[in-house]
Colleague: 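The structure under discussion is supplied below as C-alpha cells; questions concerning it will follow.
For ligands, and for the atoms within them, numbers begin at 1 and follow the listed sequence. Since this is a predicted model, take the numbers as computed values, not measurements.
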Amino acid sequence: MASSSQARCVFLGAPGAGKGTQAKRVAQGSGLTHLSTGDLLREEVKSGSELGVEAKGYMDAGKLVPDQLIIDMVKARIGGGDSAIGESGLLAASGWILDGFPRTLPQAEALDVNLSGDNALTHVISFAVPEEVLMGRLTGRRTCLNCGAIWHVEHKPTSKEGVCDQCGGELTQRSDDCNEAIGKRLEVYRSQTTPLLAYYGDRGVLKEVDANRSPDVVFQELLTHMQ
Ligand code: AP5
C-alpha cells in the first residue's frame, strides 16, 4: 500500500458525512493536496464567472452540476496551471485527496481516463453515516468566509458566535444547507453517487469508514486505511 504522502484518494459520502472536515485535517498533517469540487464551484460562483453563474442554480436546488462542466473543471486542475495545486497540476503533486468528485459513473470513468498507470487511484474511502444524522449536521454547519474552516453550532462551536476561531473571519451558512436543498442532495446522492460504491468495490480499492463517530475517532481510522 502507498504511504500516506503518496496516496491518491477519493473521499465518497453523502452530504454532511464529514468528507471536507476530514480531508482538510488529513491534508494538513500529511502534505496531501486537497481538491474539493464543491469548494471550486463556490469560488466560481463568488467570482461571477460563466461557470459560476451556470452552476449556482444547480447547487442552490441541491442538484448536481452537469457532468461535462465538472469534468472540464477537474481536468483543468489535473492537467496544470492552477495555483492552488501547483504549477503543473494535480499530477505533479506527490499525493492528493479528491473530495466530492467523482459522484457519477461518467465522472468516475473520465477520471480513470486521466489517471492511469502510476497515477491511478490508491484509495477510495466511503464515509458511512445514517441519513437521519445528516440533516442536523448540515443545518448546523457554519463555514468561515475567509479561511474555509468548517464549524458546527453544536458539534464544533466557535468560542464567539459567528466568528472563526482559526482566523477571526466571519462565519456563513451555505445557501444549499436549507431543508429543501438538503432533501434533494440526499436523493441525488442515493440515485447517482451510491453506484460508485460497487464500481470501486469491484476494483478492490474501496474502504468503508463508520463516520458516525467523533471526528477524532474517524480521523484515526482514516490514517490506518491510508498508511
Ligand atoms: P459539496 O460542497 O461537495 O457538498 P456535499 O457533497 O453535499 O458535501 P458537504 O460539503 O455538504 O459535506 P461534507 O461531507 O464535506 O461534510 P462536512 O465535513 O462539511 O457540493 C456542493 C454542491 O456542488 C453539490 O450539491 C453540487 O451541486 C455541486 N457539486 C460538487 N461536486 C460536484 C460533482 N462532482 N458533480 C456535480 N456537482 C457537484 O461536515 C458537515 C458538518 O458536520 C460540519 O458542520 C462538521 O463540523 C460536522 N461534522 C463533520 N464530521 C462530524 C462528526 N464526525 N461528528 C459530528 N459532526 C461532524
Colleague: For Ala55 and Val65, which heavy atoms make the closest approach, and how far apart are they?
Modeller: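 Closest approach of Ala55 to Val65: CB-CG2, 4.0 Å.
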Colleague: So do Ile70 and Leu41 actually touch side chain to side chain, heavy atoms under 4.5 Å?
Modeller: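 Yes. Closest side-chain heavy atoms under 4.5 Å.
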Colleague: Sub-3.5 Å donor-acceptor pair from the side chain of Arg142 to the main-chain atoms of His152, do we have one?
Modeller: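 Not a single qualifying donor-acceptor pair exists.
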Colleague: Can you see which heavy atom on Glu221 is nearest to which on Glu208, and at what distance?
Modeller: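 Minimum heavy-atom separation between Glu221 and Glu208: OE2-O, 4.0 Å.
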Colleague: With a heavy-atom distance limit of 4.0 Å, tell me whether Ala14 approaches ligand 1 through its side chain, its backbone, both, or neither.
Modeller: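 The part of Ala14 near ligand 1 is the backbone, not the side chain.
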Colleague: Over all heavy atoms of both residues, which pair between Arg185 and Leu138 is shortest? Give the atoms and the distance, please.
Modeller: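 Shortest heavy-atom contact: NH2-CD2, 3.9 Å.
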Colleague: Nearest protein heavy atom to atom 21 (C) of ligand 1, by residue and atom, and its distance?
Modeller: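 Answer for atom 21 (C) of ligand 1: Arg174 NH2, 3.5 Å.
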Colleague: Who's the nearest protein heavy-atom neighbour of atom 48 (N) of ligand 1, and how far?
Modeller: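 Here the closest protein heavy atom is Arg137 CD, 4.0 Å.
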Colleague: Using a heavy-atom cut-off of under 4.0 Å, does the side chain or the backbone of Leu41 touch ligand 1, or both, or neither?
Modeller: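 The answer is the side chain of Leu41.
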Colleague: Is the side chain of Arg103 donor-acceptor paired with the backbone N or O of Gly100 at a distance under 3.5 Å, no angle test?
Modeller: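 Such a contact is found between Arg103 side chain and Gly100 backbone.
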Colleague: Check this for me: does any side-chain nitrogen of one of Asp176 and Lys63 sit under 4.0 Å from a carboxylate oxygen of the other?
Modeller: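 A salt bridge is absent here (no side-chain N lies under 4.0 Å from a carboxylate O).
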Colleague: Got a sec, which residues hit side-chain hydrogen bond (donor to acceptor under 3.5 Å, both in side chains) with Gln68, two or more places apart in sequence or on another chain?
Modeller: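 Counting only residues at least two positions away or on another chain, Gln68 forms a side-chain hydrogen bond (donor to acceptor under 3.5 Å, both in side chains) with Asp72.
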Colleague: Nearest non-hydrogen contact with atom 44 (O) of ligand 1 belongs to which option: Phe101, Trp151, Phe127, Tyr58?
Modeller: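 Residue with the shortest heavy-atom distance to the ligand atom: Trp151.
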Colleague: Gly16 to ligand 1: N or O pair under 3.5 Å?
Modeller: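 Indeed, backbone or side chain, Gly16 has an N or O that close.
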Colleague: Among all protein heavy atoms, pick the one closest to atom 34 (N) of ligand 1 and tell me residue, atom and distance.
Modeller: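 Atom 34 (N) of ligand 1 sits closest to the protein heavy atom Gly100 O, 2.8 Å.
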Colleague: If I compare all heavy atoms of Ile125 with all of Met226, which pair ends up nearest, and what's the gap?
Modeller: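 Looks like CD1-CG, 4.4 Å.
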Colleague: If you have a sec, work out which protein heavy atom is nearest atom 8 (O) of ligand 1 and how many Å separate them, to one decimal?
Modeller: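 Answer, as residue, atom name and distance: Lys19 NZ, 3.2 Å.
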Colleague: If you measure from each non-hydrogen atom of Asp176 to ligand 1, which part falls under 4.0 Å: side chain, backbone, both or neither?
Modeller: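 Within the 4.0 Å criterion, Asp176 contacts ligand 1 through side-chain atoms alone.
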Colleague: Between Asp99 and ligand 1, is there a nitrogen or oxygen pair with a distance under 3.5 Å?
Modeller: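 Between Asp99 and ligand 1, no N or O pair is found under 3.5 Å apart.
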Colleague: Pairs of nitrogen or oxygen atoms closer than 3.5 Å, one from Ala17 and one from ligand 1: do any exist?
Modeller: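 Such a contact does occur with ligand 1.
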Colleague: Show which atoms of ligand 1 fall inside a sub-4.0 Å distance from at least one heavy-atom site of Thr21.
Modeller: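 Within the 4.0 Å cut-off of Thr21, ligand 1 contributes 17 (P), 18 (O), 39 (O), 45 (C), 49 (C).
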Colleague: Which residue holds the protein heavy atom closest to atom 31 (N) of ligand 1, what is that atom called, and what is the gap in Å?
Modeller: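 Going atom by atom, the protein heavy atom closest to atom 31 (N) of ligand 1 ends up being Thr37 OG1, 2.8 Å.
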Colleague: Taking N or O atoms only and a 3.5 Å limit, does Arg213 qualify as a polar contact for ligand 1?
Modeller: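 It does: an N or O of Arg213 is found under 3.5 Å from an N or O of ligand 1.
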Colleague: Please classify the Leu64 to ligand 1 contact at 4.0 Å (heavy-atom distances, strictly less than): side chain, backbone, both or neither.
Modeller: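 The answer is both.
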Colleague: Taking the side chain from Lys19 and the backbone from Gly13, do they hold a donor-acceptor pair closer than 3.5 Å?
Modeller: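 Answer holds: yes.
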Colleague: For a 4.5 angstrom cut-off between non-hydrogen side-chain atoms, does Pro15 reach Leu186?
Modeller: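 Answer yes - side chains close enough.
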Colleague: I'd like to know if Lys184 and Glu187 make a salt bridge, using a cut-off of under 4.0 Å between side-chain N and carboxylate O.
Modeller: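 Salt bridge present between Lys184 and Glu187.
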Colleague: Please list, in number order, the atoms of ligand 1 under 4.0 Å from a heavy atom of His152.
Modeller: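 Near His152, meaning under 4.0 Å from one of its heavy atoms, ligand 1 has 44 (O), 46 (O).
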Colleague: Does even one non-hydrogen atom of Gln22 get within less than 4.0 Å of ligand 1?
Modeller: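 Contact absent.
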Colleague: Does a donor on one side chain sit under 3.5 Å from an acceptor on the other, for Glu44 and Ser49?
Modeller: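 Indeed, the side chains of Glu44 and Ser49 share at least one donor-acceptor pair under 3.5 Å.
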Colleague: Just heavy atoms, cut-off under 4.0 Å: does His155 contact ligand 1 by side chain, backbone, both, or neither?
Modeller: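 It is the side chain that touches ligand 1; the backbone stays farther off.
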Colleague: Of the listed options (Arg185, Arg103, Lys156), which comes nearest to atom 32 (C) of ligand 1 when hydrogens are ignored and any heavy atom counts?
Modeller: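 Nearest heavy atom to atom 32 (C) of ligand 1 lies in Arg103.
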Colleague: Relative to the heavy atoms of Arg42, which atoms of ligand 1 are at a distance of less than 4.0 Å?
Modeller: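 Near Arg42, the atoms of ligand 1 are 2 (O), 21 (C).
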Colleague: Give the residue and atom name of whichever protein heavy atom lies nearest to atom 16 (O) of ligand 1, and the separation in Å to one decimal.
Modeller: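 It is Gly18 N, 3.3 Å.
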Colleague: Within the structure, is a non-hydrogen atom of Pro215 found at a distance of less than 4.0 Å from ligand 1?
Modeller: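 Judged by the 4.0 Å heavy-atom criterion, Pro215 does count as contacting ligand 1.
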Colleague: Answer yes or no: does an N/O atom from Gly20 fall short of 3.5 Å to an N/O atom of ligand 1?
Modeller: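 N/O-N/O distance below 3.5 Å exists for this pair.
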Colleague: Tell me, which protein residue and heavy-atom name are nearest atom 35 (N) of ligand 1, and how many Å apart are they?
Modeller: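 The closest one turns out to be Gln107 NE2, 2.9 Å.
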Colleague: Classify the contact between Leu138 and ligand 1 as side chain, backbone, both or neither, using a heavy-atom distance cut-off of under 4.0 Å.
Modeller: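 Contact part for Leu138 vs ligand 1: side chain (C-beta onward).
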Colleague: So, Arg174 side chain and Thr172 main chain: donor-acceptor pair closer than 3.5 Å or not?
Modeller: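 The answer is no, because no donor-acceptor pair under 3.5 Å joins these two groups.
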Colleague: May I ask you to identify the nearest protein heavy atom to atom 27 (O) of ligand 1, giving residue, atom name and distance to one decimal place in Å?
Modeller: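 Answer for atom 27 (O) of ligand 1: Lys63 O, 2.6 Å.
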Colleague: Looking only at non-hydrogen atoms, find the nearest pair between Gln107 and Phe101 and report the distance.
Modeller: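 Reported closest heavy-atom pair: OE1-CD1, 3.2 Å.
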